Amino acid sequence: IQESGEATDPVGPTGRQFLTFDPKEPDTQFTGFEHVWRTPNNGGDRAFLQANCRLYGGSYGPGCGDWEPLGEFLTRDNFGADRTGGVIVAAERSSADSGTLWAATSLGRVFITRNADVAASEVSFERLDSDAIPPRFVSGIAVDHQDPTRAFISFSGFNALTPETPGHVFEVRVDGKTAVFPSLDYNLGDIPINHLVRDDVMGDLYAATDFGVLVLLAGERQWRIAGAGLPTVLTPHLEIHPESRLLFAATHGMGGWYLELGSVEGPACLEGPNLESNLQKAAVPICRPEPPSRLERLDSEIPAPRSGNR
């Protein structure tokens with residue numbers, strides 16, 4: 001990547017760097033600079049990397065790593081004269097197929113490709129963003145893992161910076177080469193979103209903010225505090241572990257926390273219009289933990305996976 005000559009400093013333009021694992025091929029990972037970059041083998045042969053590619057106490061030179069840039073530059077004027085510059089700050093694969101990949105830049109460009117699994121030079125991206133979404137930092141992409149043409153995107157920054165294009169959370173639906181971006185801000189106010197994840201079992205969206213974690217339950221139009229217990233603290237990142245049905249929240253200076261999510265068995269089952277349509281069709285009883293849900297610190301005991309979860 002360093003040898004490519006493209007912008008590679010994540011600290012200057014973005015303040016962070018990401019690594020995304022392919023849900024079908026976890027040895028395949030993605031990161032972003034001016035291209036989306038892909039490795040099919042965890043960055044390269046481990047023995048070779050350890051012997052030849054050590055920055056400290058070893059050597060480093062050409063041939064270290066097997067990362068390849070996918071398709072074209074996504075930050076330059078080959079995709080238009082607006083929102084140029086910056087770097088790619090988010091990329092997420094869908095588990096519904098082997099090729100769909102979403103990506104976004106620090107200046108608000110949004111892309112999709114349906115062939116992220118082909119030879120690197122053959123990967124073809126389509127630009128989706130429009131004046132419907134703000135030209136601000138894209139802080140998260142949560143792809144619907146049953147519908148690869150549907151995703152949820154969050155933006156950092158304040159609406160006051162882009163008053164003509166406000167918004168922090170959007171649903172994105174792609175039909176051919178056209179995309180629509182209905183806003184999901186509802187009662188959010190002008191709160192920057194640091195990260196966004198989706199619980200594919202329940203259909204709920206979780207948003208990390210400077211003041212903790214919020215949730216938008218499936219079918220509702222009101223964001224609320226995700227659970228009691230978490231201090232009012234900057235939360236930069238969220239992660240859902242689907243097997244254990246746990247949401248993990250990383251905070252700035254106050255440790256890691258977790259929240260037990262709903263299960264497909266147990267008490268407090270909900271059946272009704274607030275459930276995702278795909279769950280209604282499957283006639284699966286969806287249950288949520290008895291309120292109030294509570295976040296616990298990671299130094300407490302993490303509960304074992306419950307039977308019947310998925």
Side-chain angles (χ1 to χ4, degrees), residues 7 9-18 32 34 74-75 79-92 102-111 127-143 151-173 179-198 204-217 220-227 230-239 247 249-254 257 295:
D9 178 13
V11 176
T14 71
R16 69 181 183 184
Q17 186 62 49
F18 72 89
E34 289 192 271
L74 301 188
T75 60
F79 280 102
D82 61 318
R83 307 190 188 199
T84 57
V87 294
I88 296 157
V89 291
E92 288 292 332
W102 292 69
T105 76
S106 54
L107 296 178
R109 287 185 170 186
V110 178
F111 297 87
R127 185 176 170 187
L128 302 176
D129 56 278
S130 69
D131 291 340
I133 59 174
R136 301 200 312 265
F137 186 103
V138 176
S139 57
I141 302 174
V143 181
F152 302 85
I153 295 181
S154 62
F155 288 82
S156 185
F158 293 95
N159 290 336
L161 298 174
T162 56
E164 295 183 359
T165 49
H168 295 94
V169 181
F170 296 84
E171 180 181 358
V172 189
R173 290 185 178 272
V180 293
F181 296 87
S183 172
L184 301 180
D185 273 27
Y186 303 131
N187 63 323
L188 263 181
D190 196 2
I191 300 178
I193 303 300
N194 300 325
H195 196 224
L196 187 74
V197 295
R198 182 174 185 267
D204 303 335
L205 286 176
Y206 290 87
T209 77
D210 288 356
F211 309 100
V213 183
L214 302 177
V215 61
L216 179 66
L217 300 179
E220 293 197 357
R221 293 175 175 267
Q222 179 177 352
W223 290 87
R224 62 183 71 187
I225 296 173
L230 180 69
T232 302
V233 60
L234 190 155
T235 307
H237 191 79
L238 302 173
E239 202 71 45
L247 169 75
T251 71
H252 183 75
M254 299 197 72
W257 297 70
L295 285 99

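Here the structure is a predicted model, which is why all the values come from computation and not from measurement. The figures that follow rest on heavy atoms only: side chains count, while hydrogens, waters and symmetry mates do not.
- Counting only distance, with no hydrogens or angles, the side chain of R83 and the backbone of G108 share a donor-acceptor pair below 3.5 Å.
- Taking 4.5 Å as the limit, every side-chain heavy atom of D129 sits out of range of all side-chain heavy atoms of V138.
- Distance check, rounded to the nearest 0.5 Å: OG of S139 to CZ of F155 gives 8.0 Å.
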### Task
Step by step, work out the side-chain contact (heavy atoms from CB on, under 4.5 Å) result for F170 and F152.
CA-CA 6 Å; F170 296 84; F152 302 85; over 6 Å; no
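- For T105 and T75, the side-chain atoms include no donor-acceptor pair closer than 3.5 Å.
- Taking CG of D131 as the reference point, atom CG of D82 lies at 8.0 Å (rounded to 0.5 Å).
- The backbone N or O of A151 lies less than 3.5 Å from no partner atom in the side chain of E92, so there is not a single donor-acceptor pair.
- Across all their heavy atoms, H195 and S154 have their closest contact at C-OG, 4.1 Å.
- Taking CG from D190 and CZ from F158, the interatomic distance works out to 6.5 Å, rounded to the nearest 0.5 Å.
- Remark: side-chain polar atoms of R173 are not paired, donor with acceptor, to backbone N or O of A179 under 3.5 angstrom.
- Other residues, nucleotides and ligands contribute more than 12 heavy atoms inside 6.0 Å of the CD1 atom of I191.
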### Query
When you look at T251 and T235, which way does the side chain to side chain donor-acceptor pair (under 3.5 Å) test go after all the steps?
CA-CA 4 Å; T251 71; T235 307; over 6 Å; no
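- The closest donor-acceptor contact from the side chain of R127 to the backbone of F79 lies under 3.5 Å.
- Residues satisfying the side chain to side chain contact (heavy atoms under 4.5 Å, CB included) criterion with T162, sequence neighbours excluded, are P134, P135, R136, T165.
- Proximity of V213 to L230: side-chain heavy atoms (C-beta onward) are separated by under 4.5 Å at one or more points.
- Pairing each heavy atom of A250 with each of P236, the nearest pair is O-CD, 2.8 Å.
- Side-chain contact between L196 and I153: absent, with no pair of heavy atoms (C-beta onward) separated by less than 4.5 Å.
- Using a 4.0 Å cut-off between a side-chain N of Lys or Arg and a carboxylate O of Asp or Glu, R221 and D185 do not qualify as a salt bridge.
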### Message
Checking V110 against V172 for the side-chain contact (heavy atoms from CB on, under 4.5 Å) test, could you report, in this order, the C-alpha distance in whole Å, the side-chain angles of both residues, the deciding distance, and whether it holds?
### Response
CA-CA 10 Å; V110 178; V172 189; 5.7 Å; no
### Query
Stepwise, does the side-chain contact (heavy atoms from CB on, under 4.5 Å) test hold for F111 with L128?
CA-CA 5 Å; F111 297 87; L128 302 176; 6.0 Å; no
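- Atom CD1 of I133 sits about 11.5 Å away from atom OG of S183, to the nearest 0.5 Å.
- Scanning for side chain to side chain contact (heavy atoms under 4.5 Å, CB included) contacts around D210 gives N194, L234, with sequence neighbours left out.
- Atoms CZ and CG, on R198 and L238 in that order, are 15.0 Å from each other to the nearest 0.5 Å.
- Every residue meeting the side chain to side chain contact (heavy atoms under 4.5 Å, CB included) condition with E239, not counting sequence neighbours, appears here in chain and number order: H237.
- Residues P231 and M254 form a side-chain contact, since some pair of their non-hydrogen atoms from C-beta on lies under 4.5 Å apart.
- Taking 4.5 Å as the limit, some side-chain heavy atom of R224 sits within range of a side-chain heavy atom of V215.
- The number of heavy atoms from other shown groups lying within 6.0 Å of CZ (F211) does not exceed 12.
- Annotation: side chain of L214 is in contact with side chain of L188 (closest heavy-atom distance under 4.5 Å).
- The shortest side-chain heavy-atom distance between L184 and H168 does not fall under the 4.5 Å cut-off.
- Heavy atoms only, all atoms of each residue included: A160 and P163 are closest at O-CD, 3.5 Å.
- The distance from the CD atom of E220 to the CG atom of N187 is 10.0 Å, given to the nearest 0.5 Å.
- Between I193 and T209 the shortest side-chain heavy-atom distance falls below 4.5 Å.
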